Colleague: 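Take a look at this one; I'll ask things after.
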Amino acid sequence: MKDTSKHQGLRNQLVALLKDKGIIDKGVLEAIKKIPRHLFLNSSFEDYAYQDKAFPIGAGQTISQPYTVAFQSQLLEIKKDHKILEIGTGSGYQTAVLCAMGAKVYSVERQNELFKLTSVLLPKLGTRPKHLSFGDGYKGLPNHAPFDSILVTAGAPIIPKPLMAQLKIGGRLVIPLGEEHQIMTLLIRKNETQFEKHEFGEFRFVPLLENKN
């Protein structure tokens, strides 16, 4: 599991591209500069690791496009020691970016194959989320709530009510909403019953799957 000066150079180029695309959060850019994305892909696909593209990782899932990872992370407005619920661990790359930003990450993955791989990979890379869980992302992690922020990394037809309930007042929930195409959506919890909604254009994600324990 090597991270060479060549890889670091490619990451610097990727960060420059993300800046050109409008990513301004220094914490996000530093995390992407630091995390070796090629180690989250099969080694035979290493040449694709620092292209700004999504890529298949198995179990019908993808590692998100770096711009999407950066955009969602920026919307969260992460501060050190923020407690974040991530729905869809996937390859673990987004998890690693959040951890590198100083967040305390609680992550749920529905695909057991990916959950097992990521549970081994992240500690090898020195990334230590607070909690990794195999389960139904629609239900969140009520035993660990409330959360400063919640990030959903798959397309959902609706905003799951359990996730809204697990968000702190003042907290931010970022979720791609829609069936075939998704609108990146930010909810900010104003009080017990009210949420402020913002939309940020169209993205494409694999679907958020339900009811698997």
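Remember, it's a predicted structure, so these values are computed and weren't measured experimentally. We use all heavy atoms of the structure for the numbers below, so side chains are in, but hydrogens, waters and symmetry mates are not.
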Colleague: Taking C-beta and beyond as the side chain, do Thr89 and Gln111 meet within less than 4.5 Å on heavy atoms?
Modeller: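 Heavy-atom side-chain distance check fails, nothing below 4.5 Å.
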Colleague: Walk me through it: do Gln72 and Met184 pass the test side-chain contact (heavy atoms from CB on, under 4.5 Å)?
Modeller: CA-CA 8 Å; Gln72 287 196 292; Met184 192 67 74; 3.5 Å; yes
Colleague: For Gly135, does its backbone N or O pair with a side-chain atom of Ser133 as donor and acceptor, under 3.5 Å?
Modeller: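 Not a single qualifying donor-acceptor pair exists.
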Colleague: Under 3.5 Å, is there a donor-acceptor pair between the side chain of Thr127 and the main chain of Ala100?
Modeller: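 Answer holds: no.
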Colleague: To the nearest 0.5 Å, what is the distance between CD1 on Ile84 and CE on Met101?
Modeller: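 Atom-to-atom, Ile84:CD1 and Met101:CE are 7.5 Å apart.
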Colleague: Going by atom types alone, do Tyr50 and Arg37 pair a side-chain donor with an acceptor below 3.5 Å?
Modeller: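 The answer is no; no qualifying pair exists.
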Colleague: Evaluate side-chain contact (heavy atoms from CB on, under 4.5 Å) for Ile35 paired with Leu125, printing each intermediate quantity in order.
Modeller: CA-CA 9 Å; Ile35 300 299; Leu125 299 179; over 6 Å; no
Colleague: Any chance you could measure Ile159, atom CD1, to Met164, atom CE, to the nearest 0.5 Å?
Modeller: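 Output value for this atom pair is 5.5 Å.
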Colleague: Between Glu179 (side chain) and Pro157 (backbone), is there a donor-acceptor pair under 3.5 Å?
Modeller: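 Here the side-chain-to-backbone pair does not exist.
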Colleague: Could you pull out the closest heavy-atom pair between Arg11 and Lys33, with the gap in Å?
Modeller: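 Distance-wise, the nearest heavy atoms are NE-O, 2.7 Å.
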Colleague: Compile the donor-acceptor pairs under 3.5 Å between side chains in residues 13-24 and protein atoms, sequence neighbours left out, one pair per line.
Modeller:
residue: Lys21; atom: NZ; partner: Asp52; partner atom: OD2; Å: 2.5

Colleague: Are any side-chain N or O atoms of Gln74 and backbone N or O atoms of Asp25, one a donor and one an acceptor, separated by less than 3.5 Å?
Modeller: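 Answer holds: yes.
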Colleague: Take a 6.0 Å sphere around NZ of Lys168 and say whether it holds more than 12 heavy atoms from other residues, nucleotides or ligands.
Modeller: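 It does: Lys168 NZ has more than 12 such atoms within range.
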Colleague: Measuring from atom CG of Leu122 to atom CG of Leu39, what distance do you get when rounded to the nearest 0.5 angstrom?
Modeller: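 Reported to 0.5 Å precision, the distance equals 11.0 Å.
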Colleague: Do Leu186 and Ile183 belong together in a cluster built from hydrophobic side chains that touch within less than 4.5 Å?
Modeller: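 Unlinked, Leu186 and Ile183 end up in two clusters.
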Colleague: Quick one: list whatever passes ring pair (Phe, Tyr, Trp, His ring centres under 6.0 Å) with His82, sequence neighbours left out.
Modeller: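 Here no residue qualifies.
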Colleague: Return the OH to CZ distance between Tyr67 and Phe203, rounded to the nearest 0.5 Å.
Modeller: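 If I round to the nearest 0.5 Å, the distance is 5.0 Å.
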Colleague: Does Ile78 share a hydrophobic cluster with Phe200, counting links as ILVMFWY side-chain heavy atoms below 4.5 Å and allowing steps through other members?
Modeller: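 Yes: a chain of side-chain contacts under 4.5 Å links Ile78 to Phe200.
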